Amino acid sequence: MMTLFNTICMTFMVALADYFKLAGNMDHVIVGTIMYLVPGVAITNCVRDMLNSDVLSGTVRMVECLFIGLAIAIGVYFTLYLYTRGSVI
C-alpha cells in the first residue's frame, strides 16, 4: 500500500513539473523516479532462494516482488490517466 502511495505522489510531482514546463521529457523523469521503488534486492534474494532449493521462500519473495511491481504500475497509470484527462491539475 505504501508503494502505491509513493508512486502516486512521485508521478503527481512529475506531472506538476511537466505542467509548469520544468521537466524536459516526462517519460524519462518518471522512470528515474520509480527506479527507487523497484525491489532489486528482493528479486535477487528470490533467485538466490530458488537456486538454493528453498522453493517456498523463493516463491513468497517472487509474489511480493510481483505485487510491488503491480502497485508501481497502478500508481503510475492512475496518476497519468488523471493528468491526461485534465482532472488533477
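The structure displayed is predicted, hence computed values, not measured ones. Numbers for residues simply follow the sequence, beginning at 1.
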Spatial distance of atom OH (Tyr77) from atom CG (Leu82) [nearest 0.5 Å]
9.5 Å

So if you build clusters from Ile, Leu, Val, Met, Phe, Trp, Tyr with side-chain heavy-atom gaps below 4.5 Å, do Leu70 and Leu66 land together?
no

Heavy-atom pair with the smallest gap, counting every atom of Asp18 and Tyr83
OD2-OH, 2.8 Å

Between Thr84 (side chain) and Tyr81 (backbone), is there a donor-acceptor pair under 3.5 Å?
yes

Report all side-chain donor-acceptor pairs from residues 38-51 shorter than 3.5 Å, counting only partners two or more places apart or in another chain.
residue: Thr44; atom: OG1; partner: Gly40; partner atom: O; Å: 2.9
residue: Asn45; atom: ND2; partner: Val41; partner atom: O; Å: 3.4
residue: Asp49; atom: OD2; partner: Ser57; partner atom: OG; Å: 3.0
residue: Asp49; atom: OD2; partner: Arg61; partner atom: NE; Å: 2.8

Taking side chain to side chain donor-acceptor pair (under 3.5 Å) as the test, write out the residues that go with Asn52, two or more places apart.
none

List the residues meeting side-chain contact (heavy atoms from CB on, under 4.5 Å) with Met13, not counting sequence neighbours, and say none if there are none.
none

Met62 and Ile68: same hydrophobic cluster, using ILVMFWY side-chain contacts below 4.5 Å?
no

Contacts satisfying side chain to side chain donor-acceptor pair (under 3.5 Å) that involve residues 26-40 (not counting sequence neighbours) are Asn25-His28

Do Leu37 and Leu80 sit in one hydrophobic cluster, given that two such residues count as connected whenever their side-chain heavy atoms are within less than 4.5 Å of each other, even indirectly?
yes

Please output the side-chain donor-acceptor pairs of residues 3-11 that fall under 3.5 Å, not counting sequence neighbours, one pair per line with the distance.
residue: Asn6; atom: ND2; partner: Met2; partner atom: O; Å: 3.3
residue: Thr7; atom: OG1; partner: Thr3; partner atom: O; Å: 2.7
residue: Thr11; atom: OG1; partner: Thr7; partner atom: O; Å: 2.8

Single-linkage hydrophobic cluster Val63~Leu56, side-chain heavy atoms < 4.5 angstrom
no

Pairs in or reaching into residues 29-42: which pass salt bridge (charged side-chain N to carboxylate O under 4.0 Å, His left out), with residues at least two apart or in two chains?
none

